[in-house]
Amino acid sequence: MGCIFSREAADQGDIRDTIQAREIDKRIAQQSTAEKKVQKLLLLGAGESGKSTIFKQIKVLFQTGFDDSEKKNYTSVVHANAYQSIKILLDGLQEFSESEQEKYTLLPENKAIGEKLTEIGNRTQQPPLTEELAQQIEALWKDPAIQASYLRANELQLPDCASHFLNDIHRLAQPDYVPSKEDVLYARVRTMGIVETEFSPVGETKKRGELYRLFDVGGQRNERRKWIHLFDGVTAVIFCAALSEYDQTLFEDESSNRMIETKELFEWVLKEPTFEKTSFLLFLNKFDIFEQKINKVPLNTCEWFKDYKPLTSGQAEVENAYGYVKTKFEELYNESTPPDQRLDRVFKVYKTTALDENLIKRTFRLVDEVLVRQRLMDAKML
Ligand SMILES: Nc1nc2c(ncn2[C@@H]2O[C@H](COP(=O)(O)OP(=O)(O)OP(=O)(O)O)[C@@H](O)[C@H]2O)c(=O)[nH]1
Ligand SMILES: [Mg+2]
């Protein structure tokens, strides 16, 4: 009896297991069909090229945006960015004053403030930004020596958000300060690890609305070994290259030019065997800074662009220089992609300013069109 009972129980158990197994198989099948509809996009590029800013714009443009509590979470980052920026400019004075003492010396009334803010900048935990501290930061920011140091920002590792926050330091010090959407986009936090999100640039409810899963990674050298875990099944790589970095060195290695690093990194990902059929969308980013810089710092400062000859000046020169840089990247793509492979993947270049909401919206609509067309071609439907 016991034996029969246990056989029956075993049989029932087997049936249950089989039903469960079938259910799991069904779920997996459903899941993978669902997964197939989601296109995987990777944001790649060197440190500070603007990947996370694009990632934040996706939240602003195609998701719920940042609510007040999410914005408030950025307060400490914004304050840290301001303290950090003024400290880097003060450190710059030390360095530059060795050759030009007078130009790079603070006004006598700012000397003690300079020492205080250097000390605060060195702390791991900075104090809350009070009105008194904001006044002191403002006094330093207006000091001719700090302004001279700012003009040589490319020789320092000054974050691009510095002037946005330092110009508006009193607003940031208000007791009821809540970072604005712009502040959130400007706030600089180095990415460590991997973050992901899902979005649709034309709205998920629309019939042809494609769903994308976008991954953001850290771009600095020590972060790149994590990238490889994401390389399978990628529809497209959005490669961010900061146009403005041609006269800057790397944060993690001050002997390397940022643009040369970007060139080598782009070449490396193009040649990555798992990306044989992956499309490449190159975002030539930070165009706003490039525009300001190009008439002050010649493009041929960078070794990769050494044969560039400025032809004009003003806006025409900006476009001329941009066209040259774009061509250099296109040549790199063609050199790194054998002709037969060029049919399997799309390569498009976009001029971007990650902070510009409308431009990023338009860019993602274009990206979507390109990727939908490519998918239909792959399915022989076009
Ligand atoms: N002016 C300007 N600033 C930008 C632009 N794109 C990004 N930034 C700023 O540049 C800084 C760095 O941008 P991030 O998006 O953090 O760079 P990242 O590529 O994610 O850097 P890692 O996480 O270190 O790889 C931030 O302060 C951004 O606000 C742009 O097009 N124009
Ligand atoms: Mg980042």
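Order of appearance sets the numbers: ligands from 1, and atoms from 1 within every ligand. Note that the structure is predicted; figures quoted are calculated from it, not measured. All heavy atoms count here, side chains included; hydrogens, waters and symmetry mates do not.
Side-chain contact check for Asn257 versus Gln248: every heavy-atom pair is 4.5 Å or farther apart. Annotation: side chain of Thr105 is not in contact with side chain of Leu93 (no heavy-atom distance under 4.5 Å). A heavy-atom distance below 4.5 Å is found between the side chains of Thr191 and Asp216.
Heavy-atom proximity to atom 22 (P) of ligand 1, evaluated over Glu182, Arg188, Lys56, Gln220, is greatest for Arg188. Of all the listed residues (Ala354, Ser163, Gly219), Gly219 holds the heavy atom that lies closest to atom 25 (O) of ligand 1. For atom 6 (N) of ligand 1, the nearest non-hydrogen atom from the set Asn285, Val189, Leu359 comes from Asn285.
A cation-pi arrangement is present between Lys40 and Phe215, with the terminal nitrogen or guanidinium carbon under 6.0 Å from the aromatic centre and inside a 45° cone about the axis. Taking the ring centre of Phe96 as origin, the terminal cationic atom of Arg152 falls inside the region bounded by 6.0 Å and 45° from the ring axis.
Of the heavy atoms in Asp288, only side-chain atoms (C-beta onward) come closer than 4.0 Å to ligand 1.
Under the ring pair (Phe, Tyr, Trp, His ring centres under 6.0 Å) rule, Tyr350 has a single partner from Phe364, Phe287, Phe239, Phe283, which is Phe283.
A continuous path of Ile, Leu, Val, Met, Phe, Trp and Tyr side chains, each step under 4.5 Å between heavy atoms, connects Val318 with Phe329, placing both in one hydrophobic cluster.
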Criterion salt bridge (charged side-chain N to carboxylate O under 4.0 Å, His left out) on Glu196 and Arg213, from CA distance to verdict: CA-CA 7 Å; Glu196 59 177 278; Arg213 183 169 301 148; 3.8 Å; yes

Chi angles and distances behind the ring pair (Phe, Tyr, Trp, His ring centres under 6.0 Å) call for Phe305, Tyr246: CA-CA 9 Å; Phe305 306 144; Tyr246 63 92; 7.0 Å; no

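Scanning all protein heavy atoms for the shortest distance to atom 27 (O) of ligand 1 gives Tyr186 O, 2.8 Å.
Interatomic distance, Leu107 CG to Asp143 CG, rounded to the nearest 0.5 Å: 4.0 Å.
Residue-and-atom listing of protein N/O/S atoms under 2.8 Å from the Mg ion (ligand 2), sorted by chain and number: Ser52 OG, Thr191 OG1.
For the residue pair Gln63 / Thr197, a side-chain donor-acceptor distance below 3.5 Å is found, with atom types taken as modelled. For the residue pair Asp183 / His164, a side-chain donor-acceptor distance below 3.5 Å is found, with atom types taken as modelled.
Taking only nitrogen or oxygen atoms, main chain and side chain alike, Leu185 reaches within less than 3.5 Å of ligand 1. Between Gly50 and ligand 1, at least one pair of N/O atoms sits closer than 3.5 Å. In terms of polar-atom proximity, defined here as any N/O pair under 3.5 Å, Arg190 makes no such contact with ligand 1.
With ligand atoms numbered from 1 in the order given, ligand 1 contributes 1 (N), 2 (C) to contacts under 4.0 Å with heavy atoms of Ile289.
The shortest separation from a heavy atom of Pro159 to ligand 1 is not under 4.0 Å, leaving the residue out of contact. Distances from ligand 1 to the non-hydrogen atoms of Ala46 include at least one value under 4.0 Å. For Gly218, the heavy-atom gap to ligand 1 drops under 4.0 angstrom.
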